[in-house]
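By convention in this document, chain letters (A, B, ...) are assigned in the order of the sequence lines, proteins followed by strands, and residues within each chain are numbered from 1. All values reported here derive from a predicted model rather than from experimental measurement.
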Amino acid sequence: MKMSALIGERYKEKPADCTIESHALMVRGGYIKQVNTGVYTLLPPARRITQKIERIIREEMDRIDGQEVLFPVVLPADLWKESGRFTSVGKELVRLKDRMGADMVLGMTHEEAAVHLARDAAKTYAKYPFMIYQIQTKFRDEPRARGGLIRVREFTMKDAYSFHTSQEDLEAYYDRCYEAYERIFKRAGCKNVIAVLSDSGMMGGSISHEFMLLTDIGEDTLVICCNCDFKANLEAAENIVDNSALSAIEPLTLVPTPDMATIEEVAGFLKKPHNATCKAVVYQKNSDDSFVIVFTRGDLEVNETKLRNFLCEEVHAGVVTPESGIVAGFIGPMGLDAKKITVVFDRSLEGIGALVCGANTIDHHYTGFNIERDYGKVSYVDVAKAVEGGICPVCGKRTLKISNGIEVGNIFQLGTKYTKSMDMQYLDENGELHYPIMGCYGIGVGRLAASVCEESHDDYGPIWPISIAPWEVQVCILRADQEEPKRIGTELYEALEKAGVDVIMDDRLVSAGVVFSEADLIGAPIRVTVSPRNLKDGMVELTTRDKGVKKQVPVVEALDAILDLRKELFDKIAKTL
RNA sequence: CGGGGUGUAGCGCAGCUUGGUAGCGCGUUUGGUUCGGGACCAAAAGGUCGCUGGUUCAAAUCCAGUCACCCCGACCA
């Protein structure tokens with residue numbers, strides 16, 4: 001490729017709408033152009049990156065016996081009605097009608113399509129296990145796309161579906177997939193990816209993992225133990241508390257707390273620690289708007305995903321009205337109408353001898369509240385968020401750390417949700433019918449590209465790992481108007497192309513500053529500078545984008561030196577596997 | 001869906017308060033001078049000022065509506 005012909009502008013100034021680095025650099029470097037909210041055109045540099053990522057994914061999926069297929073983007077709604085998701089999924093599923101008025105959907109995921117294929121193709125146990133995968137466009141009408149390719153509405157995804165005749169077989173395959181994923185991220189040069197336990201949602205309750213790139217701009221919150229291997233998404237991280245120091249019992253006393261509606265105010269006024277208070281958080285069920293009140297220890301927060309999973313129902317933040325009989329700011333367990341209100345006690349309250357809690361009367365709280373003595377026996381559930389410095393549910397030490405991450409992939413033991421709802425069965429050795437057990441496995445291709453950029457860049461541009469770089473080598477000709485640099489640069493460029501190297505040459509008649517700054521935006525790991533200054537001594541300059549290498553090599557040795565350096569960079573990645 | 005913000009040339013922006021020939025920087029084209037970290041001089045091309053309606057002799061500017069995009073939150077099988 002020659003820069004003079006490369007389509008797309010590179011910008012000196014940072015585009016106004018970009019708030020994260022990878023987004024700004026990919027716009028500035030001519031990788032992506034926004035068409036709509038969360039919808040982008042990929043220009044050649046970005047397309048080359050995603051193609052290389054796709055190639056790596058294909059190789060690793062094939063290695064674990066995956067078979068590539070291609071499902072349609074537009075699917076008949078009937079399939080989604082079979083699984084029940086035509087109505088259960090919200091507006092992120094785009095529904096449309098064809099000319100006959102038939103309902104259609106844009107594929108946001110392809111479990112239905114996979115089962116549609118597999119239920120006819122795998123009626124006998126002899127076909128199992130098998131995995132089918134595709135790399136294809138998904139459309140999800142996200143409520144809020146943001147951050148360039150990090151969170152978009154239309155994107156390319158690798159999605160895979162495996163089918164098994166036993167849970168053990170699924171688990172064995174799941175482990176293979178886990179390893180394949182680790183290889184994919186390493187091969188893509190993504191260093192800070194970890195696998196965390198994730199929330200499986202309300203369907204199934206089986207195992208799932210998310211592969212997270214650790215970065216401050218990540219939208220997911222992760223709980224990581226510094227002492228053992230425990231790593232989980234906040235939604236899936238059990239919150240453990242130790243209330244042994246709070247077991248002292250006091251008499252129940254009603255105290256006036258004028259205008260003190262927050263834990264902060266009440267605890268300060270009564271001179272009690274936050275963890276000896278009982279906080280009430282009000283929700284309403286989406287189904288009938290009935291109230292759900294969650295009581296947790298005052299120093300903790302409710303994780304709504306945990307709450308939803310416990311209730312098996314969608315909830316939203318409650319709006320307390322005068323008619324509801326709920327006294328906002330002074331809510332306590334005692335005296336709530338249990339017929340009308342679902343009351344949930346978080347585990348963090350268990351074993352506390354004397355709590356401060358609301359009295360359900362304006363301007364009053366109780367002190368010395370003991371749940372068992374004053375309210376009765378309750379079953380505690382875990383609905384609070386784990387906290388920094390909290391107790392690890394695995395090793396029991398106070399070594400939990402909270403981090404942020406971008407989800408670049410997930411693997412999921414699905415069970416029989418789709419095979420049952422869509423009536424997929426196979427005949428076993430005894431002629432009996434069974435529902436196959438499924439797993440599904442996703443990787444966002446564009447998000448992975450943007451994540452690598454986010455992880456690996458400097459002020460001047462991305463620093464692409466050689467395995468996914470749009471070009472491996474960039475030949476920079478300075479003074480392309482002069483015969484010698486132009487000829488030698490072009491010869492080198494042609495020799496590299498002939499040697500199978502992905503090479504781009506800047507052959508334009510522009511100043512050195514433009515050549516270098518735009519080369520930084522292209523981010524090729526290897527740069528060869530051909531200039532009159534070096535040619536005077538019969539040399540060219542060889543540098544790496546990460547500034548690790550900077551040396552002069554004789555023109556005659558340049559090709560070999562570049563090929564050696566290229567091999568070295570590839571070997572470095574291979575060594576991490 | 002709630003809160004906030006912005007729409008003027010490919011990109012970044014000024015002009016709007018106080019209505020009167022649509023501007024600046026970057027980029028692009030042409031000619032010339034430069035040449036190792038976004039050069040300089042000269043000339044030029046490029047805009048229904050998001051859209052619709054209203055007020056007015058006259059609207060980028062005032063008024064109403066509408067659409068789009070961005071940010072924060074809600075949400076994300």
| B/U29 to B/C62 separation - P atoms, rounded to the nearest Å | 37 Å
| said: Of the listed nucleotides (B/A74, B/C70, B/G38), which one gets closest to any side-chain atom of A/D17? | reply: B/C70
| request: Could you please name the option among B/C69, B/C26, B/C71 that lies closest to any side-chain atom of A/T19? | output: B/C71
| Among B/G37, B/C76, B/G36, the nucleotide that comes nearest once only the side chain of A/E314 is considered | B/C76
| remark: Checking N1-N3 plus N6-O4 or O6-N4 for Watson-Crick, or N1-O2 and O6-N3 for wobble, each under 3.5 Å, the partner of B/A42 is B/U30
| Nearest-angstrom distance, C1' atom, B/C69 to B/G23 | 24 Å
| Does any N or O in the side chain of A/Y493 come within less than 3.5 Å of the main-chain N or O of A/M1, such that one atom is a donor and the other an acceptor? | yes
| query | Looking only at N and O atoms, is any donor in the side chain of A/R140 or the base of B/C76 less than 3.5 Å from an acceptor on the other one? | reply | no
| field | Side-chain donor/acceptor of A/R28 to base of B/G38, under 3.5 Å | value | yes
| Nucleotide B/C35, atom C1' - distance to CZ of A/R533 in whole Å | 11 Å
| query | Separation of A/I477 atom CD1 from B/C35 atom P, in whole Å? | reply | 19 Å
| task | From the options B/G38, B/C75, B/A77, select the nucleotide whose nearest atom is closest to the side chain of A/R146. | result | B/C75
| request: State whether A/N36 places a side-chain N or O below 4.0 Å from either non-bridging phosphate oxygen (OP1 or OP2) of B/C69. | output: yes
| message | Tell me whether A/K306 is salt-bridged to A/D199, with the criterion being a basic N under 4.0 Å from an acidic carboxylate O. | response | no
| task | Return yes if a side-chain donor-acceptor contact under 3.5 Å exists between A/S83 and A/S421, otherwise no. | result | no
| Atom C1', compared across B/A14 and B/C26: separation rounded to whole Å | 15 Å
| query | Who does B/G73 pair with, Watson-Crick or G-U, both distances under 3.5 Å? | reply | B/C1
| Counting only non-hydrogen atoms, which of residues 441-451 of chain A are less than 4.0 Å from RNA chain B? | none
| request: For A/R447, check side-chain hydrogen bond (donor to acceptor under 3.5 Å, both in side chains) against everything at least two apart and list the hits. | output: none
| said: Can you measure A/H23 atom NE2 to B/C11 atom P for me and round it to whole angstrom units? | reply: 13 Å
| request: Measure from CG on A/D537 to P on B/G36 and round the result to the nearest Å. | output: 15 Å
| message | Using atom C1' in both nucleotides, what's the gap between B/C75 and B/U6 to the nearest angstrom? | response | 24 Å
| message | Side chain of A/K91, heavy atoms from C-beta onward: which of B/C1, B/G36, B/A39 has the nearest atom to it? | response | B/C1
| Pairing partner of B/U56 (Watson-Crick or G-U wobble, both distances under 3.5 Å) | none
| Looking at the side chain of A/A512, which of B/G36, B/C13, B/A77 is the nearest nucleotide? | B/G36
| said: Give me the distance, rounded to whole Å, that separates B/C11 from B/C51 when you measure between the P atoms they each carry. | reply: 16 Å
| query | Within the side chain of A/Y161, is there an N or O that forms a donor-acceptor pair under 3.5 Å with the backbone of A/H110? | reply | yes
| field | Rounded interatomic separation in angstrom, taking CG from A/D141 and C1' from B/C76 | value | 12 Å
| query | Paired with B/U6: which nucleotide, if any, by Watson-Crick or G-U wobble criteria at under 3.5 Å for both distances? | reply | B/A68
| task | Using the C1' atom on both, measure B/G20 against B/G37 and round to a whole Å. | result | 47 Å
| task | Please work out if A/E518 contacts a base, only the sugar-phosphate, or nothing of the nucleic acid, heavy-atom cut-off 4.0 Å. | result | base
| message | Go nucleotide by nucleotide along RNA chain B from the 5' end; which of A/R153 and A/G513 gets its closest nucleotide reached first? | response | A/G513
Sub-3.5 Å pairs of nitrogen or oxygen atoms, protein against nucleotides 8-10 of chain B:
residue : atom : partner : partner atom : Å
B/G10   : O2'  : A/Y11   : OH           : 3.3

| request: Would you mind classifying the nucleic acid contact of A/V514 as base, sugar-phosphate or nothing, using non-hydrogen atoms under 4.0 angstrom? | output: base
| query | Under 4.0 Å: is that the gap between some side-chain N or O of A/R308 and OP1 or OP2 of B/C75? | reply | yes
| message | Tell me if a side-chain donor or acceptor on A/R119 pairs with a main-chain N or O of A/M422 at a distance below 3.5 Å. | response | yes
| request: Would you indicate, yes or no, if B/G38 has its OP1 or OP2 atom less than 4.0 angstrom from a side-chain nitrogen or oxygen of A/S517? | output: no
| query | Less than 4.0 Å between a side-chain N and a carboxylate O, is that true for A/E111 and A/R85? | reply | yes
| field | Base paired to B/C35 (Watson-Crick or G-U; both N/O distances under 3.5 angstrom) | value | none
| said: Please name the nucleotide paired to B/G25 by Watson-Crick or G-U wobble geometry with both distances under 3.5 Å, or report none. | reply: B/C11
| task | Rounded to whole angstrom, note down the C1' distance from B/C49 over to B/C35. | result | 40 Å
| message | Rounded to whole Å, how long is the line connecting atom CD of A/E541 with atom C1' of B/G36? | response | 8 Å
| Shortest non-hydrogen contact between A/A386 and A/I402, atoms and distance | O-CD1, 3.9 Å
| said: So which atom in A/P470 and which in A/W464 form the shortest heavy-atom distance, rounded to 0.1 Å? | reply: CD-CD1, 3.5 Å
| query | Do the side chain of A/T416 and the main chain of A/K420 share a donor and acceptor less than 3.5 angstrom apart? | reply | no
| remark: By nearest-heavy-atom nucleotide on RNA chain B, the more 5' of A/L478 and A/Q34 is A/L478
| request: Mark yes or no for whether A/R545, through its side chain, and A/A524, through its backbone, hold a donor-acceptor pair below 3.5 Å. | output: no
| Atom C1', compared across B/A42 and B/C67: separation rounded to whole Å | 43 Å
| field | Options B/C26, B/G36, B/C13, nucleotide nearest the side-chain atoms of A/K12 | value | B/C26
| request: Output yes when A/D346 and A/K385 qualify as a salt bridge under the 4.0 Å nitrogen-oxygen rule, no when they do not. | output: no
| field | Distance in angstrom units between A/K547 NZ and B/G37 P, rounded | value | 14 Å
| request: May I ask you to check whether A/T50 and A/R47 show a side-chain donor-acceptor distance below 3.5 Å? | output: yes
| For the pair made of NZ in A/K14 and C1' in B/C26, what is the distance, rounded to whole Å? | 18 Å
| message | Please classify the nucleic acid contact of A/E304 as base, sugar-phosphate, or nothing, using heavy-atom distances under 4.0 Å. | response | sugar-phosphate
| task | Please determine if a side-chain N or O atom of A/T37 lies less than 4.0 Å away from the OP1 or OP2 oxygen of B/C69. | result | yes
